[in-house]
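The structure presented is a predicted model; accordingly, all values stated were derived computationally and were not measured. In what follows, chains are A, B, ... by sequence order, proteins preceding strands, each numbered from 1.
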Amino acid sequence: MSDPLLDDLNPQQLKAVTAGDGQILVLAGPGSGKTRVLTRRLVYLLDRKGVPAYDIIAVTFTNKAAREMEERVVTLMHGGTDGLWLGTFHAMCARLLRREAKALNLSPNFVIFDSDDQEALVKRAIRELNIDEKMHRPAGVHASISNAKNELYAPADMPVTSYRDEVVKRVYIRYQELLLANNAVDFDDLLFYATQLLRDNPSIRESYARRFRYVLVDEFQDTNLAQYELLKQLSSVHKNIFVVGDEDQSIYRWRGADYRNVLRFEKDFPDCQKILLEQNYRSTQTVLDAARGVIDENRNRTPKHLFTTRGEGSKIITYTAPDDIDEADFVVKEIQKKVNSNTAAPGDFAVMYRTNAQSRVIEEAFMRSAIPYQLIGAQRFYGRREVKDMIAFLRLVQNPDDEISLLRVLGVPPRGIGDKTIANIQAAAFKKDISAGEVLLDLGQKSDASPFWALIGRSAAIVADFGSLLEDWIALRDQVSLVTLFDRIIQDTGFEAYINDGTDEGADRWENVQELRRLAFDYQEKGITPFLESLALVSDQDTIRDAELNGTGRPARGTVTLLTLHAAKGLEFKQVFIIGLDEGLLPHSRSRDDPEEMAEERRLFYVGITRAKDQLYLLRAERRNSFGNWEYSEPSRFLDAIDPALVKHHGRASRSPREAQARDMIWDSYNPSPSRRVTLEPAPAAEQKYKETMRVRSENWGEGIVIESKMDTDGEEIVSVQFESVGIKRLIASLAKLEILK
DNA sequence: TCGCCAAGACTTTTT
DNA sequence: GTCTTGGCGA
């Protein structure tokens, strides 16, 4: 009998999907069908085990992942999914906090500050405390505060071991007060408050932990301490927790993520079931071999034996460009060539780099060509001034206490409110211990009868006008649709005439506002709060446009995707270019002195390599332009870990003979040292009968695929075979009577 | 109050 | 080399 839910799963996947209750740890290599397993598990619980959707919570890191899961679940399911909690950590926490706001010091209409707002607020705290901004950069202090929150330290509890800590702590305390006064939370607060809420309120914890009989988690290796605690609390009653992750793809250490949570999980739940997914459905053997060479140099990991049935595939193409401009040209020309000859479409390609700064040169090269491309990240859309302004208006309507937004839009468009007036408003607010927004609203209501009128001074009338506009909008908030409110704000402020000033840039800016308006359309029903929340929590990945369908129903040719290695996680492309394989860039110079960070750089490269399905390109440039002068670099050390036999070096483009010689040594005649090569070198070939990817049949277990074979010290050949029936078995070849199938 | 200009920073990755 | 920030003049 056929079963569409389970039939196409391999033995390991099946084991994971149909595992019983308890704690399940799935370690899933790249391309091993991680999302598929998670999705099927969810449907398995709902559809086969009859678990009500209401009893399940499933958490991901990006909205994109959550959306994909939801779409697939809906297609696979016959019943409904009402009541299911499915979303990102941050979104789930926001939901929890809005429901339980009264148990915290927040009102349910709190806003979520984005990173710019957070930094602005830190800056303000620093200034209030008369701390030297040059010595203690707001961005740096904010990063330290963020770390403290991820480690679950409340402001008062933050440990101090240095003078800098002391400064950070003082700022942290003030920053947190300011957030509360703004009725706002930052990204870390969402996790921090949620964890705190559950920890300190047994009855609330009980009710959620009782409700969520099943907890499912994606990208578990990227959880930080706060997230780990949260998961433990949510699953504290039923203890049915199913996590999927891969230590080798942990690349967010700097954000508090700790892949050792995988080890912690095994320690906290000694009875947990551990399942390895090792069959890769994405890449060619060549790509996997390169990836393995790179990652095998990291220690402290669960060894995995990734294998594929996709065959060897084409060699990795490497190219050393004389400079970064030529590096970019090579990428564009190569893509152009394949697109023109119809062997590939733009949507097949991705270009990946370590730092956002590298995207510029690449982008310029694409602009000179006719190839469509999309650049992911770096706040391309939401970071635009006109977009942020419109969002700030909406945020102010949602929450008049949001002073950051208030200050942002008070002079947009310019209406005669300057520093002096702003200071007066703030002073008036301080005097009455209310927010600046409330001062405005009072002025809007009572005009010159307001007690604040005299305090504001000359521009009181202008401020009162703005206050009454704000009051109108707030009144409209719950009566008209989101888009109507949006249009009304534009109309009342003359926003269009202000930004669309007749120049090309003006038209561009107006187009961005229209784009935001289109996004608002999707939230007509849900309203302003979910809209703003979704805007605050978009990740770069969420902005990726997949190749849309065109009118004919066939996939459009798509666009080349330009993105950082970080943003590439979880994605796949037929052809991948990784550029900037230079010492100092990948690995980044900031990681040079810390082995842990170096290991993370390596994982980052590993993530990049394993995005490729068919063809991988590795590029570097001998010199690149930074701040207006040339900087030279050596090839990345990570390249040494890739077996030269997997690589085809493309042309030579070196300018100076000396450099060319150095490069040739690395690429053409480089002979890796034995210690480095040990993991890649096949065992002595003499008696070895079986090789990776061979199909074999055993009397006991039927057909399978050889995933590894090596000679042990006794001269016995040890073969690991992935059997269709029972999964992976390690066998002694001479005893196992394996038949090789062609 | 606002726009212009010069000085300085900027480059790690982001929910 | 370019973008942001802060200071100054109109």
Participant: Distance check: side-chain N/O of His90(A) vs OP1/OP2 of dT15(B), anything under 4.0 Å?
Facilitator: no
Participant: Using distance alone, with no hydrogens and no angle criterion, decide if Ser636(A) and Asp582(A) have a side-chain donor and acceptor under 3.5 Å apart.
Facilitator: no
Participant: Going by modelled atom types, is there a donor-acceptor pair between the base of dT13(B) and the side chain of His566(A) at under 3.5 Å?
Facilitator: yes
Participant: Could you tell me whether Phe61(A) contacts a base, only the sugar-phosphate backbone, or nothing, with contacts defined as non-hydrogen atoms closer than 4.0 Å?
Facilitator: sugar-phosphate
Participant: Given atom CG of Asn356(A) and atom P of dT2(C), what is their separation to the nearest angstrom?
Facilitator: 18 Å
Participant: If you measure from the Lys or Arg side-chain nitrogens to the Asp or Glu carboxylate oxygens, is any gap between Glu119(A) and Arg137(A) under 4.0 Å?
Facilitator: no
Participant: At 4.0 Å (heavy atoms only), tell me whether Ile417(A) reaches a base, stays on the sugar-phosphate, or touches nothing.
Facilitator: sugar-phosphate
Participant: Would you say Arg255(A) places a side-chain N or O within less than 4.0 Å of OP1 or OP2 belonging to dT14(B)?
Facilitator: no
Participant: If the cut-off is 4.0 Å, is Ser589(A) near the phosphate of dT12(B), judged by side-chain N/O to OP1 or OP2?
Facilitator: no
Participant: With nearest nucleotide decided by heavy atoms, which residue, Thr564(A) or Gly411(A), maps closer to the 5′ end of DNA chain B?
Facilitator: Gly411(A)
Participant: Evaluate the ring planes of Phe393(A) and Phe495(A), with Trp represented by its six-membered ring, and classify them as parallel (under 30°), tilted (30 to 60°) or perpendicular (over 60°).
Facilitator: perpendicular
Participant: Assign each of Arg137(A) and Leu537(A) to its nearest nucleotide of DNA chain B by heavy atoms, then name whichever residue's nucleotide is nearer the 5' end.
Facilitator: Arg137(A)
Participant: Search all heavy atoms of Ala148(A) against all heavy atoms of Tyr172(A) and return the closest pair with its distance.
Facilitator: CB-CE2, 4.0 Å
